[in-house]
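Note sheet for the following structure.
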Amino acid sequence: MISEKAKNIQPSMTLAITAKAKELVMQGHDVVGFGAGEPDFDTPIPIKKAAIEAIEAGYTKYTPATGVLELRELIATKLKKDNNLDYTADQIIVNSGAKHSLSTAFQTILNSGEEVIMASPYWVSYPEIIKIAGGVPVIIQTKESNNFKITAKELEATITDKTKALLLNSPSNPIGAVYSREELESIAEVAVNHNIYVISDEIYERLVYDGNQHISIAEISPEIKHLTILINGMSKDYAMTGWRLGYTAGNSEVIKAMGNIQGHAVSHPSSITQYAGIGALNCNEEVFLEMHKEYDQRRKYMVERLDGMKSLSYIYPQGAFYVFINISKLLNKTYNGKIIRTSLELADALLEDSKVALVPGIAFGIDTFVRVSYATTMEEIKKGLDRIEKFIELGV
């Protein structure tokens, strides 16, 4: 009695691993969680206060389907200040998290059987969100030597008469790669020539390091801006994962259609969450900078430790809060009597034997890597890396 569409959707492996780790914690085990992409920081106090004040003021009623006007105007101001992009409030819709932004955007643009191109490795939910919307994910097997980024040449070679969009993620999950302006210019030229949308997931926009700069592909030209559906949100930058607040910016036709779908699906994001979002965008910049500084320290420590583990290599993270680790040299070895052949078997063994939770690369479309997150305390990072190092030493 279940639809074929539902049968073909895979559960989120990152959420499953996080749930398994939490179950072990409930049983009394000391588990180091490198799995979920969730800031360990609490939501900043000014944001909480904005939500409390909204409740006390009675802002608990329906809002417009596209979101509170004040919030959309603040997002437009942010996009102008940070990205040099001109959007009006009617070109912006707020959604119940960036995942919901993506879902609604794909439902808006895709007809059954139309294709969306993306890079592998990819964020675990991308293919499933596209399939739910009736689309077909088309995966480009990108090169490790290019930090797994799509090139304009690869994009050109993959486009067919069924291609509707390119899904771009920069800074990227799980890689931490950041596309340069030159790379985006080349990709934008191809997209414009073929008149395909670019869904640009920029949720890790502000989490960039070492002098790297986030560039939105919508900045490249008026032509690509018209074709870009820009996705962002509050979860990562402002430690608001559970609040569920994302937003989309695009041309008026797309945003209006997204509003029509959202109005029937969820009406609108929680009114209280929207006012918390207003508080976030009015927040002092220092709130974010302190979190960013801590992430950077953890990142540097993690890669320094990994440099000392000769069986491992990794993609140097330029952004986000992950390290994508090549485990090829660990595979087909025996650990505590178990032969480890896949990234999933390695993740299971580390969780069961060493109480370290990380995400196997197969969740992202590549089986010779694992992803670890440094969105946890330095104490937990040190403990987890000690356990991984000890585990590796057992391999024969």
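This chain uses plain numbering: 1 for the first residue, then up along the sequence.
Counting non-hydrogen atoms of neighbouring residues, nucleotides and ligands closer than 6.0 angstrom, the NZ atom of Lys329 reaches no more than 12 such neighbours. The number of heavy-atom neighbours closer than 6.0 Å to NZ of Lys338, taken from other residues, nucleotides and ligands shown, is above 12. Around NZ of Lys162, the count of heavy atoms belonging to other residues, nucleotides or ligands within 6.0 Å does not exceed 12. Taking a 6.0 Å sphere around CD of Gln27, one finds it holds more than 12 heavy atoms contributed by other residues, nucleotides or ligands. A 6.0 Å sphere centred on CD of Glu304 holds no more than 12 heavy atoms belonging to other residues, nucleotides or ligands. Heavy atoms of other residues, nucleotides or ligands lying less than 6.0 angstrom from CG of Leu69 number more than 12. Within 6.0 Å of NZ on Lys256 lie no more than 12 heavy atoms contributed by other residues, nucleotides or ligands. Counting heavy atoms of neighbouring residues, nucleotides and ligands inside a 6.0 Å radius, atom CD of Glu253 does not exceed 12 of them.
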### Task
Go through the steps for Glu189 and Ser186 under the test side chain to side chain donor-acceptor pair (under 3.5 Å), then give the verdict.
CA-CA 5 Å; Glu189 183 177 359; Ser186 298; 5.7 Å; no
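A side-chain donor-acceptor contact under 3.5 Å links Ser103 and Gln107. For the 3.5 Å distance criterion, the side chains of Thr248 and Asn95 qualify, holding a donor opposite an acceptor. Remark: the Glu38 side chain and the Thr241 side chain contain an N/O donor-acceptor pair separated by less than 3.5 Å. For the residue pair Glu202 and Asn83, no side-chain donor N or O sits within less than 3.5 Å of a side-chain acceptor on the partner.
In this structure, Pro269 and Gln262 have side chains that are in contact, with non-hydrogen atoms separated by less than 4.5 Å. Residues Val136 and Glu114 fail the side-chain proximity criterion, which asks for heavy atoms closer than 4.5 Å. For the pair Tyr301 and Arg305, the minimum side-chain heavy-atom distance is below 4.5 Å. Residues Val178 and Tyr204 have side chains not in contact (no heavy-atom distance under 4.5 Å, counting atoms from C-beta outward). Between Val359 and Phe34 the shortest side-chain heavy-atom distance does not fall below 4.5 Å. Looking only at side-chain heavy atoms (C-beta outward), Arg244 and Ser235 come within less than 4.5 Å of each other. With contacts defined as side-chain heavy-atom distances shorter than 4.5 Å, the pair Asp40/Arg298 qualifies. A 4.5 Å side-chain heavy-atom check between Leu351 and Val31 finds at least one atom pair inside the cut-off.
Remark: aromatic rings of Phe148 and Phe369 are close, center separation under 6.0 Å.
Under a 4.0 Å N-O distance rule, the pair Glu128/Lys131 qualifies as a salt bridge. The pair Lys225-Asp86 fails the salt-bridge criterion, with no side-chain N (NZ, NE, NH1 or NH2) lying under 4.0 Å from an Asp/Glu carboxylate O. Under 4.0 Å is where a charged nitrogen must lie from a carboxylate oxygen, and between Lys7 and Glu4 at least one such pair does.
With hydrophobic clusters built from ILVMFWY side chains whose heavy atoms lie under 4.5 angstrom apart, Ile187 shares a cluster with Leu227. Leu166 and Ile215 end up in the same hydrophobic cluster when Ile, Leu, Val, Met, Phe, Trp and Tyr side chains are linked at under 4.5 Å.
Across all non-hydrogen atoms, the minimal contact from Val208 to His292 is O-NE2, 2.7 Å.
Only one option out of Ile129, Ile231, Leu102 pairs with Leu167 in a side chain to side chain contact (heavy atoms under 4.5 Å, CB included); it is Leu102.
Cation-pi geometry between Arg206 and Phe288 is met: the NZ or CZ atom falls under 6.0 Å from the ring centre, inside 45° of the normal. Taking the centre and axis of the six-membered ring of Tyr322, the NZ or CZ atom of Arg371 falls inside the cone set by 45° and 6.0 Å.
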